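Here the structure is a predicted model, which means the values were calculated and not measured. Reminder, nothing fancy here: chain letters follow the sequence lines and each chain counts from 1.
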Number of protein chains: 2
Amino acid sequence: MASKAEERRNALRATLIEKAEARIASDGLDQLRARDLAKDAGCSVGAIYNVFGDLNELAMAVNARTFQRLGSTVTASFAGKTIPPRDRLVIMSHAYLHFAEEHTLLWRALFDLKMSSDMAVPQWYLAELQAVFAHIAGPLAEIFPDWQPEKIGLMTRALFSAVHGIVLLGLEKRISAVPLDQIESMIALVLANVTSSK
Amino acid sequence: MASKAEERRNALRATLIEKAEARIASDGLDQLRARDLAKDAGCSVGAIYNVFGDLNELAMAVNARTFQRLGSTVTASFAGKTIPPRDRLVIMSHAYLHFAEEHTLLWRALFDLKMSSDMAVPQWYLAELQAVFAHIAGPLAEIFPDWQPEKIGLMTRALFSAVHGIVLLGLEKRISAVPLDQIESMIALVLANVTSSK
DNA sequence: GACTCCCGTGAACGGCGTTCAACATAGCGG
DNA sequence: CCGCTATGTTGAACGCCGTTCACGGGAGTC
């Protein structure tokens, strides 16, 4: 049976993801080195390539975890409470901001990784994204009951992108070190104006 | 006199910037190679390092040009015309979008370059950014004459970041290949709702 | 014409991701 | 319990990268 071998393989896979995540979290995706990783995981460099095709695949696996944790955090921010749709959008956005701020390098790795080259976008990626979009589209449909689904969809993506942009540039130190509560204000300001009925 | 030498040095500097820009525009910042560049410019690899400290400095010089052209494009989009402040914001944003779409790789290099490490943010960078902010703050002050300058400044940065985010994710193929006119609609949708008086 | 200084040159260096021939080991039929 | 094979593991080696530096040649000076 291959259970022994497969078990070790899965154990190594888990270890590699864990160590890679730690290294990305502390030093950034661009500082991930195969030799460092082998040392961290107590294996040889070649062993990495028996589990993952290349370092990108490993980084993808880390991103999958990060993305899921991000989704859970955003979902948990409003779950179980009864909150007006406008406030729900603000609370979710703030949850997104705080996740990005607390796990900046892991969060950045989600977008720094270039997967355009060869393979298609993985399934889990689109699934998580759709879940996030659904969380935004729901409140929007409540706020604008007369809007067509297409317009709701467009606004959903627009709002997600807008909040993402505010968080991205707000956390970027070189442009302007914006205090966290000011970034919160920016998000609230934009969302309040966008979602206020005319 | 050092005029002969200095002349050649400046000529090489200009050539290197030109060739580097061409290579970034066609292949992206991460495909910029010192050896390729030396071949393009007809010099040795070492000569590059007599003009620039490293390839980052050269990429910075390319970014400076790109940033100035971006600023000119956005400014020209509404110059000389008398346009209501709301429409001016939309027109500027669309000019930003089209510049990013037409010079995607050069535009992306503006943000991909990591200058956090050692040196301070260059002066031209902040100056150009302030010019862009001024173009946004003007219309905003017209639309919201009763807002405090601090709130105008916050909204200025928020709107810039939001539009940037919409353009960024809209042009990102992996998330969803959004047609250009849909990105325009998203920007218009957000700006219309943000700048509409309640 | 000789001397000096400076700058372009490209081979060399260290570090990277990735590969692969050599080796170790686990599973298995006898 | 013993070979035999097939699969997993290893780390030296490969090719490519940015960057450096000892060398050689050409310009400026007397």
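- Between the CG atom of A:Asp36 and the C1' atom of C:dG17 there is a distance of 12 Å, given to the nearest Å.
- As a whole-Å value, the separation of A:Leu12 CG from D:dT9 C1' is 10 Å.
- Across the protein-nucleic acid pair, B:Phe52 atom CZ and C:dG8 atom P stand 13 Å apart, rounded to whole Å.
- Considering only side-chain N and O atoms, B:Asn50 lies under 4.0 angstrom from the phosphate OP1 or OP2 of C:dG8.
- Residues meeting the side chain to side chain contact (heavy atoms under 4.5 Å, CB included) test with A:Ala25, sequence neighbours left out: A:Leu106.
- Here B:Thr104 pairs with nothing under the side chain to side chain donor-acceptor pair (under 3.5 Å) rule; sequence neighbours left out.
- The side chain to side chain donor-acceptor pair (under 3.5 Å) test applied to A:Glu128 returns no partner, not counting sequence neighbours.
- Atom-to-atom, NZ of A:Lys39 to P of C:dG17 comes out at 13 Å; the value is rounded to the nearest Å.
- A:Leu58 has its CG atom 14 Å from the C1' atom of C:dT18, to the nearest Å.
- With sequence neighbours excluded, the residues that form a ring pair (Phe, Tyr, Trp, His ring centres under 6.0 Å) with B:His103 are B:Phe99.
- Among the heavy atoms of the strands lying under 4.0 Å from A:Leu32 are primed sugar atoms or P, OP1, OP2 only; no base atom is included.
- The separation between A:Arg9 atom CZ and D:dG8 atom P is 7 Å, rounded to whole Å.
- When the P atom of D:dT10 is taken as reference, atom CD1 of A:Ile48 falls 11 Å away, rounded to whole Å.
- Using a 4.0 Å cut-off on heavy atoms, none of the residues of residues 15-30 of chain A approach DNA chain C.
- Under the side chain to side chain donor-acceptor pair (under 3.5 Å) criterion, B:Asp87 pairs with no residue, sequence neighbours left out.
- The residue among B:Gly42 and A:Tyr49 whose nearest nucleotide of DNA chain C lies closer to the 5′ end is B:Gly42.
- Overall, the helix from C:dG1-D:dC30 to C:dG30-D:dC1 carries an axis bend of 20° between its ends, with five pairs at each end and the value rounded to 10°.
- The side chain to side chain donor-acceptor pair (under 3.5 Å) test applied to B:Gln182 returns no partner, not counting sequence neighbours.
- Each ring-ring contact (aromatic ring centres under 6.0 Å, His included) pair with one or both residues in residues 55-81 of chain A, not counting sequence neighbours, appears once here: A:Phe67-A:Tyr125, A:Phe78-A:His135.
- Among residue pairs with one or both ends in residues 88-102 of chain A, those qualifying as salt bridge (Lys or Arg N to Asp or Glu O under 4.0 Å) are A:Arg88-A:Glu142; sequence neighbours excluded.
- Heavy atoms only, all atoms of each residue included: A:Ser77 and A:Ile91 are closest at O-CG2, 3.5 Å.
- Here the P atom of nucleotide D:dT19 and the CZ atom of B:Arg33 are 12 Å apart, to the nearest Å.
- Legend: salt bridge (Lys or Arg N to Asp or Glu O under 4.0 Å) pairs involving residues 67-79 of chain B, not counting sequence neighbours, sorted by first then second residue: B:Glu21-B:Arg69.
- Salt-bridge check for A:Glu172 with A:Arg108: passed, with a basic side-chain N closer than 4.0 Å to an acidic carboxylate O.
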Identify the pairs formed between an N or O of the protein and an N or O of nucleotides 10-13 of chain C at a distance under 3.5 Å, and give each distance.
{"residue": "C:dA12", "atom": "N6", "partner": "B:Arg35", "partner atom": "NH2", "Å": "3.4"}

